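Nothing here was measured: the structure is a model prediction, and the numbers come from that model. The analysis underlying the following values was restricted to heavy atoms, covering all of them including side chains, and did not include hydrogens, waters or symmetry mates. Throughout, protein chains are lettered first and strands after them, A, B, ... in sequence-line order, and every chain is numbered starting at 1.
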Amino acid sequence: METFRQTRRSHTRYDRGARNISGCGLAGMMSLSGERTDGRLIREAIGLLHDRSNGLGGGFAGYGIYPEWPDHFALHMMYYSLEAQEDAEKALRHNCEVAREEKIPTRPIPTIVDPPLLWRYFVRPKGDLLVERQAPSEDDFILDLVMTINRSVEGAYVFSSGKNMGTFKGVGFAEDIGEFYRVEEYQAHIWVAHGRFPTNTPGWWAGAHPFTLLDWSVVHNGEISSYGINKRYLEQFGYCCSMRTDTEVMAYLLDLLVRRHKLPVPIACRVLAAPFWRDIQQMEEPERRLHKTLRQVYAGALVNGPFAIVFAHKEGMVGLNDRIKLRPLVAARKDDLLLLASEEAAIRTMCPNPDVVWAPRGGEPVIGTLGSMEVEGEPKRRLEEASA
Amino acid sequence: MMMKERDLLLEEPQTEEAEEPLHEVRVATTPVYYPPEFRWTNDQERCARCKRCIHQCGWKALRWEGRVVADDSKCVGCHRCEAFCPERCITILPNPQAFKEHGLWSVGHRRNLWKQAETGGVLLAGMGNDLPYQVLWDHLVLDACQVTNPSIDPAREPMELRTHLGRKPEAVEVRQNGDGFELVTALEPGIELSTPIVFAAMSYGSISLPAQKSIAMAACELGTLWNTGEGGLHDEVRPFANRAIVQCASGRFGVDVDYLNSGAGVEIKIGQGAKPGIGGHLPGEKVSQDVSETRMIPVGSDALSPAPQHDIYSIEDLRQLIFAIKEATNYEKPVSVKIAAVHNVAAIASGMVRAGADILYLDGFRGGTGAAPTTIRDHFGIPIEIAIAVVDQRLRDEGIRNQASIIAAGGIRSSADVAKAITLGADAVAIGTAALMALGCTLCQKCYTGRCSWGITTQDPQLTRRLDPNVGAQRLVNLVKAWSEELEEMLGALGVNSIESLRGSRERLRGIQLDRTTLEVLGVKPAGVGA
Ligand code: SF4
Ligand code: SF4
Ligand code: SF4
């Protein structure tokens with residue numbers, strides 16, 4: 001009981017409605033052919049970026065880690081008290097068929113202190129409720145549930161909610177978090193990782209990255225200078241920014257653009273990091289009209305300020321910089337591997353001899369799609385060489 | 001430099017003035033109980049006796065009696081004489097006449113009362129509300145980047161002020177098309193601005209033709225908008241119509257189908273910040289041949305704009321007029337609806353959007369006018385800061401913010417005010433008073449007399465010809481360019497490189513010395529509270 005009270009205290013101390021501002025290190029690896037690897041390499045890579053974080057937050061997301069549960073939403077939960085667990089589970093059971101529930105396996109290590117209770121549930125929405133609430137899809141139903149729990153169940157947070165994927169995160173250096181969650185025991189075809197350097201408030205477990213929403217996970221280095229308007233823009237569509245991190249905004253924007261507005265991923269990237277008007281002016285029709293329209297309609301979704309993000313979903317992984325590249329991001333290819341990281345050194349940890357390493361330009365996304373060996377944003381020259 | 005500009009503004013040869021008596025000696029039939037507001041003096045030792053001041057005064061307050069003599073009771077303090085005195089030897093002082101102080105009865109109240117006792121008339125005033133209400137702009141401060149997010153150097157990186165006015169869909173549909181993407185969504189007609197600053201509605205009639213032409217030319221050069229006001233479109237400004245919003249107000253002066261189709265957009269004027277709830281009155285003396293042709297009314301007849309539009313008595317009626325105009329313009333022009341900011345502005349604005357308005361023009365209680373009853377000007381309406389905040393929030397709450405753009409006007413004095421207005425949620429601001437000041441106006445507030453010494457709010461050819469549209473336009477371009485550059489600087493300090501990242505981003509504002517309720521209404525945190 002004592003531990004609960006302590007953690008609860010620390011939880012409330014960090015949770016004063018303030019927004020976390022942070023600098024960070026990030027890394028991502030993806031097998032374009034869908035081959036799975038365990039979490040050791042990504043842990044090493046993010047460990048190498050140790051100095052980009054300050055021990056106040058780290059985490060991983062893996063895709064393909066629950067092949068035995070392809071159709072169930074894997075909900076990863078943090079509880080700061082037994083009451084929170086009770087309340088949240090009540091909400092879960094009321095809304096979903098829970099096929100399996102268990103503690104998330106962890107190993108005690110000295111540097112990770114006062115973890116909350118960590119549980120995971122494999123669930124599907126109850127069919128009759130889906131109909132009753134006229135939810136457009138199972139995804140919307142779960143999204144709604146996640147938002148409700150995060151907003152209204154004090155001390156309970158859903159920090160991962162996709163299918164056949166999962167997030168593992170907390171307060172500590174990323175490599176220690178990886179150790180704590182035993183990431184080496186999971187096999188994934190996409191891994192993303194993040195080490196955090198929050199500046200204005202001590203980190204809290206739910207505020208660590210990756211930030212996830214359904215299948216989407218985002219790791220992010222940067223501070224969104226347009227946070228104020230992005231948040232208000234999202235509120236119009238019913239998103240409530242409860243986690244108080246910039247990254248949450250990124251995740252919701254992606255959800256809105258790709259899942260709800262059905263924009264292709266490359267187009268969504270052009271919304272988040274829009275081309276400059278002077279560049280749009282240079283474009284040929286009909287491309288020019290497309291971009292003019294996007295900028296006018298999605299002005300509130302333009303993410304301004306320094307950022308480098310890696311986001312992943314079940315179909316692929318994307319790296320993106322702000323339009324004038326104010327934060328580092330390096331990409332590399334080796335056979336079917338696509339690698340992204342804040343620094344080349346981290347890439348070389350995962351893959352000592354990449355075929356090509358490049359620094360993506362501001363606003364130009366690197367997009368890897370499962371099953372396709374072509375990566376958008378990869379320098380052309382190398383592709384020609386490869387095909388020759 | 002100063003001299004050069006003054007000379008450019010000055011057109012008349014200096015010999016003319018002696019020929020006609022420019023003064024009349026005031027014969028008071030009943031004693032005037034109130035003293036003049038100003039005291040005109042000149043330094044006799046420095047005076048070159050050139051009489052230029054006499055000629056410059058539109059109000060004929062000065063006369064020649066071997067030296068310049070002033071009738072202080074006619075001087076409105078417009079400073080035209082002083083600015084054009086080659087010796088700069090004129091000083092205009094507030095009349096130091098002392099009255100017994102009174103905490104309730106200011107001298108202004110007493111003066112007005114005496115004036116009315118004498119004339120029995122409604123007090124008139126020009127320009128905007130001049131009472132010392134709290135100016136909210138001066139209680140809002142902007143954020144800047146330090147360490148965690150970098151500021152951006154506008155000298156090195158592109159800064160984008162481009163703004164689009166008009167209705168926008170909620171989402172864009174894009175289809176994958178082979179290797180590329182195909183846009184399915186078509187936008188409704190809108191207006192592109194190079195900078196989020198437009199010129200406010202000022203009709204030919206209320207201002208002079210050279211003044212309007214200056215503004216029209218400047219709008220075209222800048223790639224922004226001017227607004228015809230309710231005065232029709234004179235042939236001389238027709239070449240600049242592609243950058244005009246043509247107004248359709250309650251008097252319907254000068255409105256026909258060609259007029260509606262000649263501009264970049266059409267505006268239905270419901271109200272004006274300087275005089276919410278009342279119409280307009282252009283006295284017959286100002287309706288010259290030219291004005292009469294432009295407004296399509298007989299020469300010398302009073303041009304009365306009724307208080308309401310007599311075909312708009314409800315929101316449904318507004319909808320009908322909006323769509324009548326859209327029909328008349330083949331759905332090619334965005335329709336703006338202009339209202340004065342009043343207590344219920346948020347709900348009204350929401351209704352306007354639902355009625356089909358593509359642009360909401362909100363005019364705050366500091367907005368200017370050529371003439372308004374003083375009591376209406378000074379005691380009606382609400383500050384534009386509040387109006388922007390509540391309208392933007394209401395439209396967002398209702399999920400219809402994308403359906404209309406907001407132009408905010410009424411009391412924009414500097415680029416900082418522009419930035420704050422946009423941060424509160426406006427898409428663009430309109431400047432009226434500020435634009436006239438660029439043309440020389442000194443805010444004497446006597447526009448309703450039609451004697452403006454600066455040639456701005458007058459139709460007297462002797463006065464209007466002092467304003468050279470080329471010079472006027474250049475000064476307006478200078479002003480807007482300077483403000484735009486300052487906006488870019490501000491964006492850089494805020495760490496964003498596009499105006500839309502500031503628009504509505506109230507997180508970047510903090511309030512100082514504001515009470516809790518006002519902060520809540522503005523949607524702004526107090527200074528000292530972090531992100
Ligand atoms: S020009 Fe203006 S300031 Fe000068 S005397 Fe005439 S009214 Fe007064
Ligand atoms: S303009 Fe100046 S110098 Fe000339 S008469 Fe008037 S006061 Fe004297
Ligand atoms: S426009 Fe002319 S009359 Fe009106 S306030 Fe300005 S200077 Fe005075």
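Options B:Glu192, B:Lys168, B:Glu398 differ in how many heavy-atom pairs under 4.5 Å they form with chain A, and the most are formed by B:Lys168. Of the listed residues (A:Val297, A:Asp322, A:Leu326, A:Val303), the greatest number of heavy-atom pairs within a distance under 4.5 Å of chain B belongs to A:Val297. Counting heavy-atom pairs closer than 4.5 Å to chain B, the top residue among A:Ala274, A:Gly305, A:Pro264 is A:Pro264. For chain A, the option among B:Ala186, B:Pro158, B:Gly399 with the highest count of heavy-atom pairs below 4.5 Å is B:Pro158. Taking B:Leu494, B:Leu395, B:Val174 one by one and counting their heavy-atom pairs under 4.5 Å with chain A, the maximum is reached by B:Val174.
Between A:Glu235 and B:Arg396 the shortest side-chain heavy-atom distance does not fall below 4.5 Å. Put simply, the side chain of A:Arg295 does not reach to within 4.5 Å of the side chain of B:Arg162, judged on heavy atoms. When side chains are defined from C-beta on, B:Leu187 counts as touching A:Gln296, because their heavy atoms get closer than 4.5 Å. The side-chain heavy atoms of A:Gln236 and B:Arg401, taken from C-beta on, include a pair separated by under 4.5 Å. Side-chain contact between B:Glu507 and A:Arg232 is absent, with no heavy-atom pair separated by less than 4.5 Å.
Contacts of B:Glu170 with chain A are made by both backbone and side-chain atoms, with heavy-atom separations under 4.5 Å. Proximity to chain A is absent for every atom of B:Glu182, based on heavy atoms less than 4.5 angstrom apart. Residue contact with chain A, scored on non-hydrogen atoms closer than 4.5 Å, involves the side chain of B:Ile152 exclusively.
Within a 6.0 Å radius of CD in B:Glu485, other residues, nucleotides and ligands contribute 12 heavy atoms or fewer. Taking a 6.0 Å sphere around NZ of B:Lys481, one finds it holds 12 or fewer heavy atoms contributed by other residues, nucleotides or ligands. Atom CD of B:Glu221 has 12 or fewer neighbouring heavy atoms from other residues, nucleotides or ligands inside a 6.0 Å radius.
Side chain of A:Tyr227 to backbone of B:Ser505: no donor-acceptor contact under 3.5 angstrom is found. Side chain of B:Glu160 to main chain of A:Trp277: a donor-acceptor pair is present (N/O by atom type, distance under 3.5 Å, no hydrogens or angles). A donor-acceptor pair under 3.5 Å links the side-chain atoms of A:Asn304 to the main chain of B:Asn497, judged by distance alone.
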Stepwise side-chain hydrogen bond (donor to acceptor under 3.5 Å, both in side chains) check, A:Ser225 with B:Arg508: CA-CA 9 Å; A:Ser225 304; B:Arg508 308 307 294 277; 4.7 Å; no
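Across all non-hydrogen atoms, the minimal contact from B:Ala171 to A:Tyr298 is CA-OH, 3.3 Å. Nearest heavy-atom pair across B:Val172 and A:Leu263 is O-CD2, 3.3 Å. In this structure, A:Leu302 and B:Ser498 approach most closely via the heavy-atom pair CD2-CB, 3.8 Å.
Applying a 4.5 Å heavy-atom cutoff, the residues of residues 279-291 of chain A that approach chain B are A:Gln281, A:Arg289, A:Leu290.
The line from CG of B:Leu183 to CG of A:Leu294 is 7.0 Å long, rounded to the nearest 0.5 Å.
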